[in-house]
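All values derive from a computational prediction rather than experimental measurement. Below, chain A is the first sequence line, B the second, and so on; all start at residue 1. Scope of the values below: all heavy atoms of this structure, side chains included, with no hydrogens, waters or symmetry mates.
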There are 2 protein chains.
Amino acid sequence: MLMIPSVREKLLNRLQISVERLEELLRVCFIVTHEKNEQIETNNRVFDRLGYIINGAVRTYYVNEKGEEISYLLQVNDDVIGDYASYITGEKSQVKIETLLKTEVLYFDRKSMEQLIQKDVFWLGFAKQISDLAFLSAKKRLDELFFYTPEQRYLNLLKKSPEILNKIPQKHISSYLGITPQSLSRIRKRII
Amino acid sequence: MLMIPSVREKLLNRLQISVERLEELLRVCFIVTHEKNEQIETNNRVFDRLGYIINGAVRTYYVNEKGEEISYLLQVNDDVIGDYASYITGEKSQVKIETLLKTEVLYFDRKSMEQLIQKDVFWLGFAKQISDLAFLSAKKRLDELFFYTPEQRYLNLLKKSPEILNKIPQKHISSYLGITPQSLSRIRKRII
DNA sequence: CGTTCAGTTGACTAAGGTCAATTCCCGTGG
DNA sequence: CCACGGGAATTGACCTTAGTCAACTGAACG
């Protein structure tokens, strides 16, 4: 698979597998380059693939009954995209995913993963690791919401992922923080 | 292992494994009966076991820098207890767990699970399933916090787990909802 | 009976929501 | 190059809800 070496490095580091195993995995992966503002997943269908953002930015969002869009996740380089709940349960996903920039994504399908597992039980351990990572990132987001106020959440984001604030329109950030654009604007004014 | 048949039924249903596999698992499990208001896990140590509540009620909580207790989870019959993040990462847990009633818990240690996996790869798939369940329950709690106001969260709890409201003091429930006892008292007054 | 602690209530504050108006930014077309 | 249009962001006025601090009530228990 055509891929610049630094991406392989990052994947090795993120997935904690050997070079040989990574090559084996990449053989069943595929890269898609999405344009800016492209809808890459629509709701009401089963999400049977997971993606790794090589570079770019996307948002994962819901549309509520009033037609308002609620950004559940904002993802940038090295983040994983998809709906892991739908991936494992086979139930339809309610989220949509769209790019906020031109974005390159490395995908793999659940079917491919299952075939790998058939061939070598190593990949079952790998699948468990993926699941553990999904759990840890859900817990991280949960803790953020449970323990911090919107203002503190904004400050945490500012500290941890300043690149998100540059790349992504404020209206999506406010939604991700669980507040209105007006409130975010006032928070920003307040903390100067 | 001594256990009333209905508990076996529940476990079969919850874990989705065969009777034989369940027996194999139970051989490495152990049951502990905790008294009411017993500290069953203390913080600052690695949680290397998971428990299944046969009957009773416990709370999983943090103590913040002001010495205030914050109930992260309230668990009753059929719920799983422990700190799955600590269990998989081997990092020290910050949570404490205490019983709110006399509580019977079925435990298994990580070491036992690893031994099972050594013997038969079936248990690796089982471990992945446990991980998936942990993810799904974290996501459920996350969604609850993200999409609903405290008042709506209280109404959801009232609807979904009325038994929790009977068993557990209000101060723990308010904390679990992310609000003060006073606010919960006012919410209750408001929704009559 | 008191003591104690959970729960409620009151008065006030602070933070976020809502609705509307205004300003800013940026791209497009004259 | 400038003027305009449209969406994003900000601001203002006002409302609602949760937090805080303090007082009070009530039930459990010795």
In whole angstroms, how far is the [atom2] atom of [N] from the [atom1] atom of [X]?
| X | N | atom1 | atom2 | result |
| --- | --- | --- | --- | --- |
| B/L177 | D/dT17 | CG | P | 16 Å |
| A/R190 | D/dG12 | CZ | C1' | 16 Å |
| B/I191 | D/dT16 | CD1 | P | 19 Å |
| A/I179 | C/dT18 | CD1 | P | 12 Å |
| B/R186 | C/dG7 | CZ | C1' | 11 Å |
| B/Y154 | C/dG7 | OH | C1' | 13 Å |
| A/K171 | D/dG6 | NZ | P | 16 Å |
| B/E151 | C/dG16 | CD | C1' | 16 Å |

Which listed nucleotide ([options]) is nearest to the side chain of [X]?
| X | options | answer |
| --- | --- | --- |
| A/Q170 | D/dT11, D/dA9, C/dT8 | D/dA9 |
| B/S185 | C/dG16, C/dT18, C/dT9 | C/dT9 |
| A/P169 | D/dA18, D/dA9, C/dG16 | D/dA9 |

Checklist entry - Are B/K111 and B/E114 within salt-bridge range, i.e. N to O under 4.0 Å? => result no

Item to check | Main-chain N/O of B/E35 paired to B/T99 side chain as donor or acceptor, under 3.5 Å | outcome: yes

Next on the checklist: If you go through the side-chain atoms of B/R188, does one of them form a donor-acceptor pair with the base of C/dG7 closer than 3.5 Å?
Outcome noted: no

Checklist entry - Are OP1 or OP2 of C/dT8 and a side-chain N or O of B/K189 less than 4.0 angstrom apart? => result no

Next on the checklist: Below the 4.0 Å mark, does C/dG16 have OP1 or OP2 next to a side-chain nitrogen or oxygen of A/T180?
Outcome noted: no

Checklist entry - A/W123 vs A/F126 aromatic rings, parallel, tilted or perpendicular, using cut-offs 30° and 60°? => result perpendicular

Checklist entry - How are the rings of B/Y87 and B/F108 set to each other: parallel, tilted or perpendicular (split at 30° and 60°)? => result perpendicular

Next on the checklist: When you measure from the centre of the six-membered ring of A/F30, is the NZ or CZ of A/R49 closer than 6.0 Å and no more than 45° off the axis?
Outcome noted: no

